[in-house]
There are 2 protein chains.
Amino acid sequence: MTELSYHQFCPVAMASEILGARWTIVLLRELWAGSTRFNDLRRGVPRMSPALLSKRLRELEGRGIVERRLVRRNPDQFDYVLTPAGQDLGAVIMAIGIWGQRWVETAPTLENTDAGLLMWDMRRNLRTERLPARRATVQFIYSDQPDGRAEWWVLHLPDRVADLCSVDPGFDVDLYVRCDLRTMTAIWMGLDTVPRARSEDRLSLIGAEDVARGMQDWLGLSPFAAYPKHA
Amino acid sequence: MTELSYHQFCPVAMASEILGARWTIVLLRELWAGSTRFNDLRRGVPRMSPALLSKRLRELEGRGIVERRLVRRNPDQFDYVLTPAGQDLGAVIMAIGIWGQRWVETAPTLENTDAGLLMWDMRRNLRTERLPARRATVQFIYSDQPDGRAEWWVLHLPDRVADLCSVDPGFDVDLYVRCDLRTMTAIWMGLDTVPRARSEDRLSLIGAEDVARGMQDWLGLSPFAAYPKHA
DNA sequence: CCGTATCCGGGGGGATACTG
DNA sequence: CAGTATCCCCCCGGATACGG
């Protein structure tokens with residue numbers, strides 16, 4: 001998409017020359033969601049090669065959409081943050097996501113499960129203030145996933161964004177969540193709910209009952225979960 | 001973009017697999033603007049090959065975004081119209097266009113002038129009810145364009161959408177509009193105005209003075225003209 | 001007027017390895 | 001941790017010509 005211009009003055013075409021490149025919109029979604037570090041971005045776009053990620057970031061920087069900023073004067077430590085122009089793309093990302101939530105069929109969507117990506121998204125949107133304890137550990141177990149992708153620990157510590165581990169950090173676990181990955185993905189996307197899945201035995205919650213009962217509440221959902229499928 | 005999936009359940013990624021293919025957004029803009037016939041669509045995306053246009057239309061049909069509909073039971077005569085899912089993409093197109101109008105630099109945009117495309121867009125948005133005469137012919141002359149692309153006639157007849165010709169239809173001309181193509185493009189995009197261009201001698205209007213005086217009014221602008229550049 | 005068929009080239013980007 | 005470097009394949013899509 002570099003020199004392949006549409007040669008149209010229409011602003012839709014001009015903008016599409018930037019946004020239409022492969023991976024760009026998905027990357028922007030991850031930046032918009034809040035990731036700033038290179039390896040954090042990689043967790044949000046795990047199937048994008050680091051070479052291409054680096055290339056896209058430089059393109060977006062050249063377009064004034066992303067700013068590359070030193071972290072604490074540490075050389076070789078960079079934050080990638082959206083400029084005002086990049087933040088304004090939030091309206092585009094929202095419009096695309098809302099349309100996708102409304103009109104893309106759920107079956108192919110739920111073929112694209114990815115435990116690491118789901119946990120990475122969920123961790124970011126946890127409403128930790130709705131967790132009863134000042135400190136809590138929740139272990140997710142995806143019964144259908146292979147070793148290394150099946151067990152995840154989410155640690156909520158006071159005054160911090162939640163931590164995510166794929167190896168046992170050794171803390172006492174307040175709640176064990178066990179289900180298959182599709183079920184958890186569907187819940188996150190607003191296509192299912194914790195109470196329904198639990199009552200239908202697709203989801204098992206073991207541990208502190210108050211944490212279990214509040215799960216639909218403290219588990220933040222996808223930014224698009226609230227938009228219903230088309231009638 | 002056919003089988004190259006992002007493998008992400010995020011609705012932004014799922015939607016982008018459809019919308020991210022080259023030319024797709026530009027084509028959707030033309031459908032959204034109201035073109036339905038194959039050759040009308042071609043006028044809105046003149047640099048897209050007919051083979052690719054046909055392919056994209058079939059893809060969009062397969063996705064439930066476009067419906068292919070027989071014209072008056074005439075075999076081999078088809079209308080391509082947006083389904084409800086396709087109409088909902090209007091929000092995406094608007095968001096992209098508004099962002100483009102706000103943030104894409106005007107200099108590269110105005111490199112992409114195209115007289116045929118501009119006239120095609122302008123013809124569609126003419127506010128013929130603001131034209132004083134029940135019938136009016138306006139001739140546009142682009143002084144910097146080669147033969148065949150320099151002269152255009154817009155015919156307003158009662159109770160019809162305006163006609164566009166690139167050869168002299170032979171009617172009496174009510175107003176001659178002469179300027180270079182950049183000036184007219186900038187006016188259409190809301191980056192300039194008829195009175196300003198006229199007062200600065202970049203635009204010459206000759207003919208019925210009431211039609212000339214009302215031009216900024218009866219000349220409809222781009223759907224994005226009203227959105228100002230970023231501060 | 002409404003597309004289809006075919007050919008062919010360029011380069012985008014996937015994969016992997018590697019370095020400061 | 002934060003990217004670069006490189007290779008190479010594949011497929012997208014531009015161009016052109018042609019059929020109904």
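Computed from a predicted structure; not experimentally measured. Order of the sequence lines sets the chain letters (A, B, ...), proteins ahead of strands, with each chain counted from 1.
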_Stepwise side-chain hydrogen bond (donor to acceptor under 3.5 Å, both in side chains) test for B:Ser5 and A:Arg47_ = CA-CA 10 Å; B:Ser5 167; A:Arg47 313 195 43 129; over 6 Å; no
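In this structure, A:Lys55 atom NZ and D:dT6 atom C1' are separated by 14 Å, rounded to whole Å. Taking atom CD on B:Glu17 and atom P on D:dC12, their separation rounds to 13 Å, with Å as the unit. Note: CG (A:Leu27) to P (C:dG12) measures 17 Å, nearest angstrom. If you take CZ of B:Arg22 and C1' of C:dG13, they are 16 Å apart, rounded to a whole angstrom. The interatomic distance linking B:Leu70 (CG) with C:dC1 (P) rounds to 19 Å, in whole Å. Straight-line distance from the CD atom of B:Glu61 to the P atom of C:dG3: 11 Å, rounded to whole Å. One can place CZ of A:Arg58 at 14 Å from P of C:dG13, the figure rounded to the nearest angstrom.
Checked for salt-bridge contact, A:Arg58 and A:Glu61 miss the test: no charged N lies under 4.0 Å from a carboxylate O. Under 4.0 Å is where a charged nitrogen must lie from a carboxylate oxygen, and between B:Glu17 and B:Arg63 no such pair does. The pair B:Glu111-B:Arg182 counts as a salt bridge, with a side-chain nitrogen and a carboxylate oxygen less than 4.0 angstrom apart. Electrostatic pairing of B:Asp121 and B:Arg29 counts as a salt bridge here, judged by a charged N lying under 4.0 Å from a carboxylate O. A salt bridge between B:Asp114 and B:Arg149 is present, with a side-chain N of the basic residue lying under 4.0 Å from a carboxylate O of the acidic one.
Between B:Tyr227 and B:Trp99, a ring centre-to-centre spacing not shorter than 6.0 Å is recorded.
Taking side-chain N and O atoms only, B:Arg56 has a distance below 4.0 Å to OP1 or OP2 of D:dG13. Contact check, B:Gln77 against C:dC1: no side-chain N or O comes under 4.0 Å of OP1 or OP2. Under 4.0 angstrom from either OP1 or OP2 of C:dG13 there lies no side-chain N or O belonging to B:Tyr6. Between C:dG3 and B:Arg68, a contact under 4.0 Å exists linking OP1 or OP2 to a side-chain N or O.
Taking the side chain of A:Arg37 as heavy atoms from C-beta on, and the options C:dG13, D:dG13, D:dC1, the nearest nucleotide is D:dC1. Here C:dG14 is the nucleotide among D:dT4, C:dG14, C:dG13 with the atom lying nearest to any side-chain atom of A:Trp23.
The 12-atom threshold is exceeded at CD of B:Gln77, counting heavy atoms of other residues, nucleotides or ligands nearer than 6.0 Å.
Of the residues in residues 38-54 of chain A, those with a non-hydrogen atom less than 4.0 angstrom from any atom of DNA chain D are A:Phe38, A:Asn39, A:Pro50, A:Ala51, A:Ser54.
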*Dot-bracket encoding per residue of DNA chain D, Watson-Crick/G-U cut-off under 3.5 Å, | denoting interstrand*: .|||||||||||||||||..
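For B:Arg160 and B:Thr128, the side-chain atoms include no donor-acceptor pair closer than 3.5 Å.
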